Structures are given as C-alpha cells and as structure tokens.
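Report on the following structure.
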Protein chains: 2
Amino acid sequence: MPNNGSLTANLRKSRPSDVRAALLDAATQLIEAQTDDKVSLRACARLAGVSHAAPAHYFPTRAALISAVLAHAFDKLTEAMIAARDAAGDDPFDRLKGTGRAYVAFGLAHPALYTMMFRPTYLQVPDGEMAEAGGRCGAVLGEAVAATPRPGGLTVAAGMAMAWTTVHGFVGLVSNGLVLLDEDPMTTAERILEQQRTAFSG
Amino acid sequence: MPNNGSLTANLRKSRPSDVRAALLDAATQLIEAQTDDKVSLRACARLAGVSHAAPAHYFPTRAALISAVLAHAFDKLTEAMIAARDAAGDDPFDRLKGTGRAYVAFGLAHPALYTMMFRPTYLQVPDGEMAEAGGRCGAVLGEAVAATPRPGGLTVAAGMAMAWTTVHGFVGLVSNGLVLLDEDPMTTAERILEQQRTAFSG
DNA sequence: CCCCTTTGCTTGACAGTGTCAAGCTGATAA
DNA sequence: TTATCAGCTTGACACTGTCAAGCAAAGGGG
C-alpha cells in the first residue's frame, strides 16, 4: 500500500515542544483528511516531526492514540450538545431537539471522526478514557429523553434508542452520500426531528 | 501488526476448482469474523488455498475484491426486503414496515458486512458493480416510501431519508453495542418502526 | 566537579501488508 | 510436435505496527 504522499506540506522541521499534543493534532488532521483508518502511526510521527517510534512513548499502541483523539472529540460533542440544549428554552422536546441538532451538526462537520467514534468494535480493546467520554456524551442525550413525556408507552431505554437512532442514522446516511437531499441537510434534519414531537410530547 | 493466526483451521490443502468463488467465500468469512478491515488479501489467499498474488488475477485491487463481496451482500439484502414487503399485505405502511424489518434483521445478522456496505467512502474509488447493487437495494426502499401518503408535507426524498435513517441508525447503534436494550432488539425495532405510522399514513 | 540514573527520543530490526514484475506449468491450438 | 497462452507462483518493493537497543541531555548525590 504505497503512500500517495499528500498532506506532507506542513511537516515540522524541528522537534515540537509538546510531542504528545503534536501527535494528537497530527492524528486528528490525518483522520479528518483521509476519511478512513489509513492514518498510520508513522504518518502521524512524520507530520508531528518526530521519529517513527516516538508515538510508542506516549501511546502504547496505535489504538491508544486513536482512542485519545476520539475521547477528545467526544468531549467536544458533549459540550456542543449541552450548549444547544441550554439555548433551546424550557420545553422538554425543544431541549431534546436542540441536543439532536447539535449532534447532527457535529457529525456532518466531522464525518470521519464521527464514524470512528461510533464504531468502537473497530478498536479491538475498549479504551477507558474513550468509554468515559462516550458515556458522558450519551448521558446528555439520556437526560434529555428522560425529561420528556413519552405517551406512546416507550420506556426511557426505547425512547433513547429511538431518538439516538434518528440522529445517528441521519448523519451516517448523509455524510456517506447515500441519500440525495434537495435542500440543506440541516433543514431536512430539522424536519425529521420535528416529526418526533408527537412521540415525545404529553 | 502480527497475525493472531486464528481461523486458519479450515485452510484448503489443494487448489480449489473455482478460485474466484473460493476467494469471495474466504473474504466473506474473514469480514464476518474480524469485524473490521483487517481482512487482508493474503489472508484470503491463504484461506482459499492459493498463493498470495493469486487474487490479483481476479480482482485488480483489494478494494475490488471487497466490493464484489459487498455487491453480493447487497443483492441478498434486496431479496430479503422484497420478500418481506410482499408478505406484509396491502397497506402501504405495513409494506414499508416489512421492508424496514427485513433491513434491520439483515443488519443485525451481518454487522461487519453491513458496516462496510454502507460506508462506501472507505473504498476510495466507487465500484460500478457495487453501486448498481446498492442502487437496486435503495430503489426497493424508495418505492415503498413513494407508495405511502405523507401528510406531514414530506417530499419523497425527505420521507426516504426519514425511513432509512430510522433503520440505518438502529442497526448501527445496536450492532455496535452502543445502546442497551431490555428486550429483543427486533421487538424494539418493531416499536420504533410503528412510531412512524402517523407520519406515513393518510 | 564527576558519575550515575532516568527521561525522551532515535535507530534498527522483524513480521506483516498491497501491488508489481517476472517466471513456471499445463492445456489447448496449429 | 511445437507454439501460445491463461492461470497461478515466486520474488521483490515500499509501506505498516511493534519491539529492543542505544544515545543524548538533564538532574541529583557524593
């Protein structure tokens, strides 16, 4: 699998002051640029301006580096969801919808990162740091669902599955270009979320 | 990345009669067993009982082999959706729901295959055979949506995004273990699909 | 001041990968 | 019988993740 050699424009010349941060930054860049897991440890090292084995000093394995990147991404997503929810007013469904809107916006803005965040089986061993960050993220959604009435007889678990299903599926389809929309994706997302008002209102 | 060496029990001893079919079969086995793209050309070749470069004679590149496997999987999924739709009676929403149920069942039965099928960006170049098979599959869903009334003012495109979003998101969340369900996943899927009846009935 | 340990990174190696370039083998055609 | 040729193998290349060893500099104790 020969390397195409793009994205090597901004190679660092001298060793960076914070190697760990430089590696995380390089990995994020590579993930967002390359769409899939072709992001190699050696490419990260080159981009960060260190030797090919330097990453081993900070991350025991490739999966650990990726996990660290994903954990940070989860925290960003959690922040965005909380901010949108708190800006959405008092109505429980509006707050759930705001949370979902932020989720979709994040997913569409960072498709490659998003894909990896929500396919944990791909990092063979579950990573503690990442699992915690993911848990905090899920909790925000769970709280928003729990705060709504669910007259359809849905349990909180099923309601959460339903709400999450909606946003997760939409991001996956749109960011992979599987569905052709005739309007701004966020507008369609808004419509789809609004369709759930009846299921989440008293 | 050293190989763990499992799944080598059923190595073929002599060269198979139909090498191409043997390779497709080996690739399918490896994908379903390994959950991610660690399925290597060389591992397929070993499993099929041929040399490491034999695949090149049938598939110009690794992506082409994977594409062929996924195209076949798409055809299987399409078949299952059509069968379930035709067994669901006359009501348009029931037929849509049957289609969705078959979709979810397939996704939960073949999680790794499913993941790859619906993440086409991961195979850098779009493959014709696979795109056609995927198109036929999407068409079945599209027809089912088009046959329903959509009083909410949804266009067919938005309705299709909504219906597909539901099943795609559910499969992604459940098969990755991201959501904890207190019942059989297909039962929850049934509930979630049923919630959409109001949006797809006259 | 010198030595000694530790930290942080580098160099080198190994087995694995995808892909390309040859070479071999057996069947079919002339 | 010989020529051709498809179908597969062997060998090589650059790349990968990971491990082992080594080097350079900083810091501390005598």
Side-chain angles (χ1 to χ4, degrees), chain A residues 1-8 11-27 30-31 33-69 116 122-125 127, chain B residues 1-8 11-27 30-31 33-69 116 122-125 127:
Chain A
M1 202 190 300
N3 196 2
N4 56 9
S6 71
L7 203 133
T8 52
L11 278 175
R12 282 165 201 264
K13 310 195 166 40
S14 62
R15 231 188 280 151
S17 57
D18 185 344
V19 174
R20 199 188 129 98
L23 285 170
L24 286 173
D25 188 59
L30 286 171
I31 290 175
Q34 312 228 145
T35 308
D36 67 270
D37 48 351
K38 281 219 177 67
V39 39
S40 72
L41 272 179
R42 290 167 108 111
C44 293
R46 278 193 295 269
L47 199 55
V50 292
S51 77
H52 74 261
H57 244 258
Y58 299 94
F59 308 97
T61 182
R62 191 190 104 110
L65 169 55
I66 307 274
S67 291
V69 170
M116 301 182 81
Y122 141 95
L123 301 168
Q124 312 291 49
V125 175
D127 177 78
Chain B
M1 201 190 300
N3 196 2
N4 55 10
S6 72
L7 203 132
T8 52
L11 276 176
R12 283 166 201 263
K13 319 230 163 17
S14 62
R15 227 188 285 150
S17 58
D18 186 343
V19 174
R20 198 189 130 98
L23 285 170
L24 286 173
D25 188 59
L30 286 171
I31 291 175
Q34 312 227 148
T35 308
D36 68 87
D37 49 349
K38 280 218 177 68
V39 39
S40 71
L41 272 179
R42 289 166 108 110
C44 293
R46 278 193 295 270
L47 199 56
V50 291
S51 77
H52 73 260
H57 243 260
Y58 299 94
F59 308 98
T61 182
R62 192 191 103 110
L65 169 56
I66 307 275
S67 290
V69 170
M116 300 181 82
Y122 141 95
L123 301 168
Q124 313 290 47
V125 175
D127 176 79

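Numbered from 1 within each chain, the chains take letters A, B, ... in sequence-line order. Heavy atoms only: backbone and side chains are in, while hydrogens, waters and symmetry mates are out. Just so you know, these numbers come straight off a predicted model, no measurement behind them.
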- Take atom CZ of B:Phe59 and atom P of C:dC20, then tell me their distance rounded to the nearest Å. 16 Å

- Any idea which of C:dA21, C:dG8, D:dT18 is nearest the A:Arg62 side chain? D:dT18

- So does B:His52 reach the base of C:dG16 with its side chain, donor to acceptor, closer than 3.5 Å? no

- Task: Report yes or no: does B:Arg62 contribute a side-chain atom to a donor-acceptor pair with the main-chain N or O of B:Val39 at less than 3.5 Å?
- Result: yes

- Query: Can you tell me if the side-chain N/O atoms of A:Thr61 get under 4.0 Å from OP1 or OP2 in D:dT18?
  - Reply: yes

- Item | Rounded interatomic separation in angstrom, taking NE2 from B:His57 and P from C:dC20 | 13 Å

- Note on the structure: Which of C:dC20, D:dT16, C:dT11 is nearest the side chain of A:Ser51? It is C:dT11

- Task: Compare every heavy atom of B:Cys44 with every heavy atom of B:Ala26, then report the nearest pair and how far apart it is.
- Result: CB-O, 3.6 Å

- Give one of base, sugar-phosphate or nothing for B:Ala54, where a contact means two heavy atoms less than 4.0 Å apart. base

- In whole angstroms, the gap separating P of D:dT16 from CG of A:Leu47 amounts to 13 Å

- Message: Applying side-chain contact (heavy atoms from CB on, under 4.5 Å), can you list everything that pairs with B:Ala56, at least two apart in sequence or on another chain?
- Response: none

- Message: If I take atom CG in residue B:Leu41 and atom C1' in nucleotide D:dA14, what distance separates them, rounded to the nearest angstrom?
- Response: 16 Å

- Query: Where is the tightest heavy-atom contact between B:Leu23 and B:Pro55, given as atom of each residue plus distance?
  - Reply: CD1-CA, 3.8 Å

- Task: Apply side-chain contact (heavy atoms from CB on, under 4.5 Å) to A:Phe59 and A:Leu24, showing your working.
- Result: CA-CA 10 Å; A:Phe59 308 97; A:Leu24 286 173; 3.9 Å; yes

- Task: Remember a base hit wins even if backbone is also touched, and classify A:Ala53 as base, sugar-phosphate or nothing at under 4.0 Å, heavy atoms.
- Result: base

- Query: When only distance counts, do a donor and an acceptor, one from the side chain of B:Arg42 and one from the base of C:dG18, lie under 3.5 Å apart?
  - Reply: yes

- Quick one: is C:dT17 close enough that its OP1 or OP2 comes under 4.0 Å of any side-chain N or O from B:Arg46? yes

- Item | Gap between atoms CZ and P, on B:Arg20 and D:dG7 respectively (whole Å) | 12 Å

- Task: Give the rounded distance in Å between these two atoms: CG of B:Leu30 and P of C:dG16.
- Result: 16 Å

